[in-house]
Amino acid sequence: MITKQDFNRLTDYIWELPTTFHAQMTVPVWVFADEDLLEDALGDLSLQQAVNVAQLPGLVGHVAIMPDVHQGYGMPIGGVMVSRLPDGIISPGAVGYDINCGVRVLASTIDYASAQPWLADLASALYRYCPSGVGKGGPLALTPPVMDQVCLEGSGWALEQGYATEEDLARTEEFGCLAGADPQSASSRAKTRGHDQLGTLGAGNHFLEVDVVEQVFDREAAATMGLHQGCLAVQIHCGSRGFGHQICTDYVQQFQLAVLQYGIHLPDRELVCAPLNSPPGEAYLGAMKAAANFAFANRQLLAYQARRSFAEVFGSTSDRSSLRQVYDIAHNMAKLETHIIDGQPQEVCVHRKGATRAFGPGFEGLPTEYRPLGQPVLVPGSMGTESWILLGTAANEPLTYGSTCHGAGRVMSRHQAKRTIRGHQLRQDLEQEGVRVRAGSMAGLAEEAPQAYKDVSRVVETVSRAGIAHRVARLRPVAVIKG
DNA sequence: ATGTAC
């Protein structure tokens, strides 16, 4: 049992659980929250899970917990864990089942007020062209060699096929392609599950949304990003579908043996892991990168379908059909990066699970127009509520190793939400508020009700005040497509 | 999140 009294309050927004809290902890846990959000975090097992994570071997720095934290498989969703190279660990459960799940935002110059009469048609077109639902396949069935090519090239494959522009790739994390992906390390079962899922949305909290840019907080940054107050934007939230899920399943099973082989003590079986420089560790890393590239290509295909839908509704010859990419950034990944550890730059493996990379100004992996601003951070709210566009800060490096929050964060389990919320009623309520809803499953809709989530504005206010992200704009949904 | 169990 963890209580508020167990923490050292480092600042108004940082609470430290020191290593003295538990005999096996090797690094402290820092929770980024105000008093209310800390209370929320103490309401489930998420901080106990953070204490478990802090006992894994080969960690450095501290485990950072974001204000949108909630419990997950082994490691809480909304956590950052840093392991040292070359012999620190990598853990599939600390990446998440949806490898490289992330968000892409596209912006238009279409004014919401004048577009209103066509929004119902737009929602229907998007629902038609972006297949959604559990196990749902899409328009493409990739042959094994093409599947491998997608795993190796990510968005680069989509560019070759005419589904992307150069600017899309420039405005995607890692240009939409991680080097070192190894399709051979992904099982044939994973490839079979994924081969027809490129360009599909999936289910759960995944969605495609049409938003209106409701308020701009940083005028200059918003202008550079193509975000205009009162205009439409598109937000895509999804990941690597059954492909990444199967890879996680496969390696969680394989690593049961690895922990015995390498003598790793585990506080929770769900945290199975392997040394980064071991054969199983390297195999997972290669398979994880393959799934990441698949996810980048998947969001690229969905962006292509969103553009097709806009062109169909607003006319392909008009400027009004153009959707320019703002950015694409993941929130479920392990990345090899250099960070300042104990005052020295050190190469490490940063696991971000339900946490977004948020590098500050000057980062060379950004397109030149974004370099003075910092890296865009895309934070979806819960269904029917606001979403946020943020920027990374220089100040977050010693606090969160270049990371920030990823969303609202659950306060109600899926089961609890399904029990207490009626999908049909929720749909009516949303339509009443002016949000057009296209969903395959009313039970699925209920699981994603706004009541099941924290208030994203409190989460964003916390990361902003803690200095780990900077506010650019707030978006409001006007149409939502779900599985 | 997920062919919501092989």
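Computed from a predicted model, the values in this text were never measured in an experiment. In the text below, chain A, chain B and the rest are named by the order of the sequence lines, each starting its count at 1.
- The interatomic distance linking A/N100 (CG) with B/dT2 (P) rounds to 14 Å, in whole Å.
- Atom CD of A/Q253 is separated from atom C1' of B/dA5 by 14 Å (rounded to the nearest Å).
- At whole-Å resolution of the value, NZ in A/K418 and P in B/dT2 are 14 Å apart.
- Residue contacts shown for A/G202 are limited to sugar-phosphate atoms, with no base heavy atom under 4.0 Å away.
- Applying the salt bridge (Lys or Arg N to Asp or Glu O under 4.0 Å) definition to pairs two or more places apart or across chains, those involving residues 138-152 of chain A are A/D148-A/K191.
- Taking atom CD on A/E447 and atom C1' on B/dT2, their separation rounds to 11 Å, with Å as the unit.
- The backbone N or O of A/G199 lies less than 3.5 Å from a partner atom in the side chain of A/N298, making a donor-acceptor pair.
- The nearest heavy atom of DNA chain B to A/T249 and to A/G135 marks one nucleotide each, and the one closer to the 5' end goes with A/G135.
- By the salt bridge (charged side-chain N to carboxylate O under 4.0 Å, His left out) test, A/R471 is found to be paired with no residue, residues two or more places apart in sequence or in another chain being considered.
- Counting to the nearest Å, the C1' atom of B/dT4 and the OH atom of A/Y73 are 15 Å from each other.
- Between A/R189 atom CZ and B/dC6 atom P the separation is 7 Å, expressed in whole Å.
- Taking the centre and axis of the six-membered ring of A/Y129, the NZ or CZ atom of A/R308 falls inside the cone set by 45° and 6.0 Å.
- A sub-4.0 Å separation between OP1 or OP2 of B/dT4 and a side-chain N or O of A/R414 is absent.
- With rounding to whole Å, A/I77 atom CD1 is found 13 Å from B/dT2 atom P.
- A straight line from CG of A/L201 to P of B/dT2 spans 9 Å, rounded to a whole angstrom.
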